[in-house]
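If you're wondering where the values come from, they're calculated on a predicted model, not measured in any experiment.
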Protein chains: 4
Amino acid sequence: MAGNLFGKLYRLSSFGESHGAAVGGVIDGCPAGIALSVEGIQQELNRRRPGQSDVSTPRYEADEVEILSGLFEGRTTGMPIAFIVWNKNQNSKDYTDLKELYRPSHADYSWQQKYGIRDYRGGGRSSAREHIARVVGGAVAKQILAGYGIGIYAYTSQVGGICLPCSYREIDIEKRETNIVRCPDEETAKRMIGLIREVKEAGDSVGGVVSCLIRGVMPGLGEPVFDRFQARLAQAVMSINATKGFEYGTGFSAAGMRGSEHNDPFVIRDGQVRTETNRSGGIQGGVTNGEDIYFRVAFKPVATIMREQETVNHRGEEITFEAQGRHDPCVVPRAVPVVEAMAAMVVLDMLLESRTVR
Amino acid sequence: MAGNLFGKLYRLSSFGESHGAAVGGVIDGCPAGIALSVEGIQQELNRRRPGQSDVSTPRYEADEVEILSGLFEGRTTGMPIAFIVWNKNQNSKDYTDLKELYRPSHADYSWQQKYGIRDYRGGGRSSAREHIARVVGGAVAKQILAGYGIGIYAYTSQVGGICLPCSYREIDIEKRETNIVRCPDEETAKRMIGLIREVKEAGDSVGGVVSCLIRGVMPGLGEPVFDRFQARLAQAVMSINATKGFEYGTGFSAAGMRGSEHNDPFVIRDGQVRTETNRSGGIQGGVTNGEDIYFRVAFKPVATIMREQETVNHRGEEITFEAQGRHDPCVVPRAVPVVEAMAAMVVLDMLLESRTVR
Amino acid sequence: MAGNLFGKLYRLSSFGESHGAAVGGVIDGCPAGIALSVEGIQQELNRRRPGQSDVSTPRYEADEVEILSGLFEGRTTGMPIAFIVWNKNQNSKDYTDLKELYRPSHADYSWQQKYGIRDYRGGGRSSAREHIARVVGGAVAKQILAGYGIGIYAYTSQVGGICLPCSYREIDIEKRETNIVRCPDEETAKRMIGLIREVKEAGDSVGGVVSCLIRGVMPGLGEPVFDRFQARLAQAVMSINATKGFEYGTGFSAAGMRGSEHNDPFVIRDGQVRTETNRSGGIQGGVTNGEDIYFRVAFKPVATIMREQETVNHRGEEITFEAQGRHDPCVVPRAVPVVEAMAAMVVLDMLLESRTVR
Amino acid sequence: MAGNLFGKLYRLSSFGESHGAAVGGVIDGCPAGIALSVEGIQQELNRRRPGQSDVSTPRYEADEVEILSGLFEGRTTGMPIAFIVWNKNQNSKDYTDLKELYRPSHADYSWQQKYGIRDYRGGGRSSAREHIARVVGGAVAKQILAGYGIGIYAYTSQVGGICLPCSYREIDIEKRETNIVRCPDEETAKRMIGLIREVKEAGDSVGGVVSCLIRGVMPGLGEPVFDRFQARLAQAVMSINATKGFEYGTGFSAAGMRGSEHNDPFVIRDGQVRTETNRSGGIQGGVTNGEDIYFRVAFKPVATIMREQETVNHRGEEITFEAQGRHDPCVVPRAVPVVEAMAAMVVLDMLLESRTVR
């Protein structure tokens with residue numbers, strides 16, 4: 001049961017390898033009659049595309065999206081929206097030296113065991129280049145959600161040991177795109193950029209955390225008991241390359257707390273039932289309650305480093321190996337739009353699901 | 001698209017409310033010809049049942065499972081396995097005082113918004129009593145997995161501020177059931193028990209962490225790109241009541257690390273490709289690599305506390321409220337078998353899925 | 001991927017064997033807030049239950065339904081509706097003579113090959129007793145659909161060589177339940193009853209056709225291109241035991257027609273767009289158009305006959321065999337409510353699906 | 001829940017409109033390590049492509065398939081196989097006269113009601129041009145099935161009143177591609193061709209029947225109770241444009257038969273359990289029994305005819321209308337490879353599913 005299909009009602013079927021002809025996807029279940037901006041989709045891809053700054057990989061790809069179906073006179077028709085991004089700058093470099101070795105902490109070994117065959121060029125489909133389809137799927141969802149007043153805002157909140165020292169309420173979320181690491185605090189951003197450059201210089205890589213805020217979600221999204229809102233969100237973001245952890249609301253810190261300090265009292269604000277605090281992160285009993293949703297996603301340091309490493313090849317020989325090629329020293333800045341995209345698809349999916357409940 | 005169905009090939013359809021006639025489920029997709037021990041299933045339920053110790057709720061339920069179909073002469077037939085646990089000790093107490101108020105940090109408000117109706121007695125289906133179906137589904141899965149040499153071992157690793165100070169490799173996993181909090185370290189267990197009693201005494205509750213180890217999984221489970229092993233595991237455990245976070249392998253600590261310290265070198269051990277370290281947590285590229293899988297799940301403190309709280313009722317009036325009834329001061333000890341159950345169903349599901357790949 | 005789950009949004013999970021403890025199911029995705037009549041559900045079961053007349057099996061079963069969850073104060077809550085019918089009159093007769101032989105044109109051989117094990121008592125789960133779950137699932141759907149003005153009316157239109165000689169427009173559909181074969185034409189019904197009695201007397205069985213009319217469906221149901229309304233209907237009814245064919249609208253007779261005689265001209269009637277004729281059977285381009293939907297389902301003669309037959313046993317020996325037990329000489333009269341039930345679930349499912357399109 | 005996804009384990013996600021940029025699809029779940037012939041896929045498309053003879057539409061399309069992913073060095077990798085066929089010969093003719101009218105017995109009215117918008121150019125996605133994706137999905141499946149010795153052979157068995165007068169056992173199935181109507185009997189084929197030319201000359205269209213034989217299927221495919229083999233087959237073929245009926249084995253004729261003449265006695269042949277006759281059509285209890293599978297699909301006459309017809313426009317005015325453009329007078333010859341394709345995908349899907357049962 002291959003896993004290249006995401007979502008239940010708003011469904012993305014994704015395809016493509018890093019060094020194949022193209023990557024792309026098919027969106028099925030997009031509501032009909034929506035005016036879509038292709039330019040808006042391209043802008044999301046631009047936030048993810050390689051070569052956008054000196055803290056990302058130098059591989060240059062324009063990553064231009066082409067829509068093949070499902071739009072008529074600028075509007076969605078309810079038919080599948082197919083889209084494609086041609087791979088243009090596959091490096092002519094010979095990848096055959098990767099053909100028979102297992103790069104440490106990459107997908108090489110486990111995928112070879114699973115499938116008995118793998119496209120080793122640039123990681124094939126295990127490459128983060130696959131995220132392009134997610135970003136497009138999410139960009140379409142975001143445009144639809146905007147019509148409901150729902151906004152999704154991810155940002156970099158940690159790179160290595162450098163953490164953004166404030167909660168989502170204290171930052172100016174609009175500033176998250178004003179610097180190349182996508183951290184809404186300028187001072188912290190500068191330190192993060194410095195760290196990434198230092199790590200890159202050392203031929204090493206570094207991990208980080210993406211935080212995400214979702215505003216404007218109505219109460220009632222989420223499908224207990226197994227498809228609780230946070231459960232679907234967790235699956236969505238934990239399917240992104242290099243993720244290691246997910247938490248929402250108070251997250252792991254809740255483990256150390258008492259009920260009397262964790263509970264969110266209900267109050268009436270502007271005639272609405274609201275919670276005074278929001279330790280629940282906008283989700284109670286697996287269903288949204290109308291408050292801000294916020295969550296955090298941990299990313300490991302990129303496995304490709306420019307240093308000699310021990311490993312093993314197909315013949316079972318222990319060898320040493322040093323990576324070549326073009327890689328990100330830290331995935332977090334380019335992962336920000338991917339986290340947003342996955343969250344957007346979950347919200348839209350669950351919004352559509354909620355229509356079938358009454 | 002109601003969310004009471006779990007899994008893709010090994011599927012659990014769950015039903016039942018806290019104060020209805022019964023809770024139960026139907027397992028579809030259980031492989032045929034497996035000898036099942038109903039007693040083994042009951043043992044798992046006994047680990048979860050209420051009233052088992054003074055750190056859990058005093059509501060007493062025998063929680064005896066009855067199998068209605070799918071077994072013939074002690075073996076599975078490939079037909080659906082329906083099971084039922086009758087609710088016997090619903091408290092005769094009148095729950096009508098809960099009828100019209102929203103308990104803080106419970107599902108009351110969000111579910112009412114979603115469904116327009118709710119069975120308020122004991123939380124209805126939002127009650128953790130629903131976990132019974134999960135435990136049975138997981139118990140069947142565990143028996144099947146045992147035939148493949150796969151073992152699943154969850155344990156309590158944190159209660160409030162008290163943490164088990166060692167990694168999964170350093171503990172004696174067999175000792176996790178020797179005390180009422182299910183912590184494999186006796187000394188830590190005693191402190192945890194002390195804390196829970198103290199919290200209970202104070203009419204309060206406390207959060208914690210369940211850690212889980214999965215041994216013996218073959219390489220090749222997990223379905224990239226969206227159904228990565230960790231993504232499905234994340235959804236599974238984040239659908240359990242009161243969970244706030246999930247991490248596997250190095251988890252959130254990976255965010256602070258460098259690639260050169262995080263990568264797991266491949267080596268040959270006993271003629272097998274293995275990793276020297278296991279920061280990957282047994283999963284690479286979303287697919288198991290044959291190493292131990294380990295992950296952690298954060299639980300918030302139980303929302304029901306024996307103290308006066310501010311809240312709101314159906315008529316939009318702000319009121320004060322003090323909970324009555326029988327509740328756990330800390331859910332973690334009884335959540336241990338539930339985490340195991342969810343993990344077991346994921347592993348079996350993905351094992352079945354892996355058969356369709358080649 | 002076991003097939004005991006029906007539907008996409010309104011989903012029935014079915015369980016139970018002919019001679020096990022019980023048959024039943026779980027409905028997930030039933031809209032919340034609907035007043036359900038349990039008595040109405042029971043009435044549908046009564047239409048299907050064995051022993052209701054001399055043209056059906058003499059096995060007597062009250063087939064009383066018990067609802068275990070999902071209802072609160074008479075209304076659906078959006079939670080799973082579990083239901084159960086206990087098997088009470090399993091014949092104490094020893095079925096061990098069936099244990100090792102393959103009854104001709106039954107599921108014995110193919111299921112044994114598939115599963116390697118089978119509950120041979122009364123056919124186990126291959127028995128039509130499994131239809132009980134369908135009838136309950138359909139009865140709930142019918143009550144909901146009635147609220148939209150949608151009615152579903154199946155009837156017997158052929159038994160052996162005796163055919164109802166008129167179209168759905170010419171019959172009085174309300175009369176279909178006035179006789180024991182469920183044929184709305186009294187004269188034809190009498191002849192059908194005579195034939196069944198004759199066939200029964202001869203220890204033989206006979207096939208037939210169930211026709212079905214669906215009135216009041218709004219335009220817009222059906223999900224092209226693969227989930228066209230007729231495609232989902234076809235799957236639904238072809239999953240009923242003993243079915244051999246499905247056709248809707250003009251059906252197979254369309255193969256012999258010209259476009260100029262088959263097309264349905266659009267007209268304006270009462271200010272609505274309507275078709276003058278209805279050869280399309282209420283479905284165009286896979287989507288309902290607001291006209292009556294009608295279709296026909298062919299049933300083979302029951303495989304169990306009271307005559308000596310040639311067959312083979314588990315040891316590969318050719319043997320002769322004569323059936324014992326209690327069986328229907330013609331399944332069609334009792335299949336009528338099953339066809340209705342399957343159609344009802346399809347209509348409700350697609351009605352819910354249609355809400356996600358715009 | 002849009003319906004552009006077919007299959008459960010071998011899944012086809014289809015996209016594209018008649019007059020958009022392209023049609024194509026993504027196959028997910030194709031087993032890894034299979035050598036695929038792209039030329040073989042193209043040959044299947046050639047059997048369906050327009051303009052192939054004077055009994056099909058004169059619109060010329062080369063329909064060349066391009067594979068974008070999922071193949072590496074000629075073998076499948078287990079990754080999604082995306083494919084595309086560019087639309088090259090969209091007629092520059094102005095379709096705006098179709099913009100506001102509902103063509104009789106087409107999808108125009110029902111789709112407009114459903115989606116509120118439609119791409120009216122050449123029928124948009126309701127055009128049979130969408131079948132291209134099915135043919136490619138089926139061609140890949142057929143190549144895989146061939147490796148198991150499974151062959152799928154559809155042919156024209158009826159055009160208008162002209163029927164092939166013999167059963168599948170009496171024809172030389174290899175001759176079905178020797179004439180332009182794809183009827184394996186030369187004499188009947190000539191008469192069918194004559195009839196189609198006559199009908200075309202008269203500006204009319206005619207219906208027909210496609211029969212299909214599946215050889216070499218092992219016992220054990222099919223997933224009772226809802227996913228019986230015939231149920232999935234029925235859905236598959238009833239989702240093809242213009243189909244009106246499905247029957248397998250004895251089909252509707254079984255309704256007129258007695259059990260004593262319909263049952264298939266089991267015998268031992270070449271040491272195997274076989275049935276002496278095959279009225280069951282290779283399926284018993286919803287599961288294949290190793291005998292030949294055969295079924296028939298009825299097609300209505302094409303709705304587009306070159307004659308004046310009454311209809312209605314968007315403004316609710318009754319008008320007369322005469323179709324322009326390029327159309328098939330009978331879809332059956334070009335539907336033959338589409339029926340094969342759908343059957344192939346069902347067989348492969350259920351073969352993969354059967355691996356999860358034990």
Side-chain angles (χ1 to χ4, degrees), chain A residues 1 3 6 8 102 104-105 107 110-111 113-114 126 130 158 160-161 204-209 219-220 223 225-228 230-231 234-235 238-239 244-247 251-252 254-260 262-266 268 273 284-285 287 289 298 300-302 305 310-312 318 353, chain B residues 1 3 6 8 102 104-105 107 110-111 113-114 126 130 158 160-161 204-209 219-220 223-228 230-231 234-235 238-239 244-247 251-252 254-260 262-266 268 273 284-285 287 289 298 300-302 305 310-312 353:
Chain A
M1 187 150 209
F6 182 77
K8 300 205 168 182
Y102 300 128
S105 291
S110 54
W111 286 36
Q113 292 295 306
K114 182 176 187 68
S126 74
E130 164 262 309
Q158 184 179 340
D204 211 339
S205 65
V206 68
V209 171
E223 300 294 332
V225 294
F226 298 118
D227 288 342
R228 284 180 151 91
Q230 70 272 31
Q235 193 212 323
M238 293 305 295
S239 77
K244 300 293 286 188
F246 165 85
E247 60 179 7
F252 275 88
M257 294 169 79
R258 305 286 159 100
S260 56
H262 191 272
N263 282 357
D264 293 313
F266 283 110
I268 301 294
V273 176
Q284 292 182 327
V287 173
N289 66 357
K300 69 172 189 176
V302 180
I305 53 176
E310 310 292 316
T311 194
V312 160
E318 299 190 333
E353 293 183 26
Chain B
M1 187 154 207
F6 182 77
K8 299 204 168 184
Y102 300 128
S105 292
S110 54
W111 286 37
Q113 291 295 305
K114 181 176 187 70
S126 73
E130 163 263 309
Q158 184 180 340
D204 212 339
S205 64
V206 66
V209 172
E223 300 293 331
V225 293
F226 298 117
D227 286 343
R228 284 179 152 92
Q230 70 272 30
Q235 192 213 321
M238 293 305 295
S239 78
K244 300 294 284 189
F246 166 85
E247 60 180 6
F252 274 89
M257 295 169 79
R258 305 287 159 97
S260 55
H262 191 272
N263 281 357
D264 293 313
F266 283 110
I268 300 295
V273 176
Q284 293 181 327
V287 174
N289 65 358
K300 69 170 187 176
V302 180
I305 54 176
E310 310 292 316
T311 194
V312 160
E353 294 185 25

Closest non-hydrogen atom pair, Pro104(A) against Pro265(B) = CB-CA, 4.4 Å
Please report the closest heavy-atom contact between Pro301(A) and Gly259(B), naming both atoms and the distance.
-> CB-N, 3.3 Å
Could you look at Val302(B) and say if it's the side chain, the backbone, both or neither that has a heavy atom under 4.5 Å from chain A?
-> backbone
Side chain from CB out, backbone as N, CA, C, O: work out which of these in Gln230(B) comes under 4.5 Å of a heavy atom of chain A, or both, or neither.
-> both
Of all of [options], which one pairs up most often with chain A through heavy atoms under 4.5 Å apart?
options: Val225(B), Thr311(B), Asn289(B), Val312(B); result: Val225(B)
options: Gly161(B), Gly285(B), Pro219(B), Ser110(B); result: Ser110(B)
options: Arg228(B), Arg258(B), Lys8(B), Glu247(B); result: Arg258(B)
options: Gly220(B), Ala298(B), Ala107(B), Ala231(B); result: Ala231(B)

Salt bridge (charged side-chain N to carboxylate O under 4.0 Å, His left out) partners of Asp264(A), counting only residues at least two apart = none
Sorted by chain and number, sequence neighbours left out, salt bridge (charged side-chain N to carboxylate O under 4.0 Å, His left out) with Lys114(A) holds for Glu223(B)
Where does [X] contact chain B at under 4.5 Å (heavy atoms): side chain, backbone, both or neither?
X: Gln158(A); result: side chain
X: Ile268(A); result: both
X: Glu130(A); result: side chain

With chain B, which of [options] has the greatest number of heavy-atom pairs at distances under 4.5 Å?
options: Ile305(A), Asp227(A), Val287(A); value: Val287(A)
options: Ala255(A), Ala234(A), Gly207(A); value: Ala255(A)
options: Gly3(A), Gly208(A), Gly256(A); value: Gly3(A)

Measuring from [X]:[atom1] to [Y]:[atom2], what's the distance to the nearest 0.5 Å?
X: Asp204(B); Y: Ser260(A); atom1: CG; atom2: OG; answer: 3.5 Å
X: Asn263(A); Y: Ser105(B); atom1: CG; atom2: OG; answer: 4.0 Å
X: Gln235(A); Y: Ser239(B); atom1: CD; atom2: OG; answer: 11.5 Å

Can you check whether Lys244(A) reaches Met257(B) side chain to side chain, under 4.5 Å on heavy atoms?
-> no
In terms of the angle between their ring planes, are Phe252(A) and Phe252(B) parallel, tilted or perpendicular, with boundaries placed at 30° and 60°?
-> perpendicular
